[in-house]
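Below is one structure, written out as structure tokens; the observations come after it.
The structure presented is a predicted model; accordingly, all values stated were derived computationally and were not measured. Values below: all heavy atoms of this structure, side chains included; hydrogens, waters and symmetry mates excluded.
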Amino acid sequence: MDCNGIITSLHAFKRMLERNITPEQVEEAIAYGEIIKEHPDDKPYASMLILKIFGQMPLHIVISKNEVGACIVITVYVPDIEVWEHDFKTKKPLP
């Protein structure tokens, strides 16, 4: 994903600290991760879910891109295998 800078929301920064996710991992995921879901109707900007796997650790990052092309990190998390299929791209059906 091409970004004209990266802006990390306070929420995302807190989640990074809680989950031991580094800024370098976030930057790498944005640059080289796979967009697995897009939300074009999100406001104020469309958002997307990115997946990047670091060794054995999958990482999901939700970002949006503002009008000047900066990527805004909304949240970051390690997807739960109870919620996601083994590819971490597809949510499991609700019981």
Side-chain angles (χ1 to χ4, degrees):
M1 160 88 31
D2 228 2
C3 295
N4 185 16
I6 296 174
I7 301 166
T8 303
S9 70
L10 180 58
H11 171 83
F13 183 73
K14 287 179 182 178
R15 296 305 163 269
M16 288 167 62
L17 289 174
E18 291 171 1
R19 299 166 178 158
N20 295 315
I21 298 167
T22 68
E24 293 79 17
Q25 287 172 315
V26 171
E27 290 173 17
E28 187 174 333
I30 291 171
Y32 303 108
E34 178 182 355
I35 298 169
I36 60 171
K37 182 95 172 155
E38 295 188 60
H39 299 277
D41 296 327
D42 279 359
K43 302 290 183 211
Y45 309 109
S47 69
M48 61 195 75
L49 175 61
I50 296 174
L51 167 66
K52 176 76 171 101
I53 298 178
F54 294 91
Q56 297 296 313
M57 184 187 80
L59 184 63
H60 278 176
I61 300 180
V62 179
I63 69 166
S64 61
K65 214 168 180 183
N66 68 14
E67 64 276 351
V68 296
C71 289
I72 302 165
V73 182
I74 299 166
T75 196
V76 299
Y77 61 93
V78 175
D80 186 338
I81 195 67
E82 299 293 320
V83 177
W84 293 88
E85 297 291 348
H86 290 291
D87 64 0
F88 299 104
K89 297 178 186 181
T90 310
K91 277 192 168 182
K92 291 181 177 179
L94 294 173

query = Cut-off 3.5 Å, side chains only: do His39 and Ser47 have a donor facing an acceptor?
reply =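 Their side chains do not contain a donor-acceptor pair, so the 3.5 Å distance test is not met.
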Would a hydrophobic clustering, with Ile, Leu, Val, Met, Phe, Trp and Tyr connected at side-chain separations under 4.5 Å, put [X] with [Y]?
X	Y	result
Ile50	Tyr77	no
Ile21	Leu17	no
Val62	Phe88	yes
Trp84	Ile53	yes
Ile36	Phe54	no

ask   = Do the side chain of Arg19 and the main chain of Val78 share a donor and acceptor less than 3.5 angstrom apart?
value =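 Flag not set: sc Arg19 to bb Val78 has no pair under 3.5 Å.
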What are the two closest non-hydrogen atoms of [X] and [Y], and how far apart are they?
X	Y	value
Cys71	Ile63	SG-CD1, 4.0 Å
Ala12	Val73	CB-O, 3.5 Å
Asp87	Thr90	OD1-N, 3.4 Å
Val76	Arg15	O-CB, 3.8 Å
Pro58	Pro79	O-CD, 3.5 Å

Spacing of [atom1] belonging to [X] relative to [atom2] belonging to [Y], to within rounding of 0.5 Å:
X	Y	atom1	atom2	value
Ile61	Ile6	CD1	CD1	8.5 Å
Ile72	Ser64	CD1	OG	4.0 Å
Glu67	Asn4	CD	CG	11.0 Å
Lys92	Asp80	NZ	CG	8.5 Å
Glu38	Leu49	CD	CG	10.5 Å
Met1	Lys65	CE	NZ	5.5 Å

task = Report the residues that fulfil side-chain contact (heavy atoms from CB on, under 4.5 Å) with Lys14, sequence neighbours left out, ordered by chain and then residue number.
result =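 For Lys14 the side-chain contact (heavy atoms from CB on, under 4.5 Å) partners, ignoring immediate neighbours, are Leu10.
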ask   = What residues form a ring-ring contact (aromatic ring centres under 6.0 Å, His included) with Tyr45, not counting sequence neighbours?
value = none
query = Under a 4.5 Å cut-off applied to non-hydrogen side-chain atoms, are Met16 and Thr8 in contact?
reply = yes
message = Taking the side chain as everything from C-beta on, heavy atoms only, tell me whether Tyr32 gets closer than 4.5 Å to Lys52.
response = yes
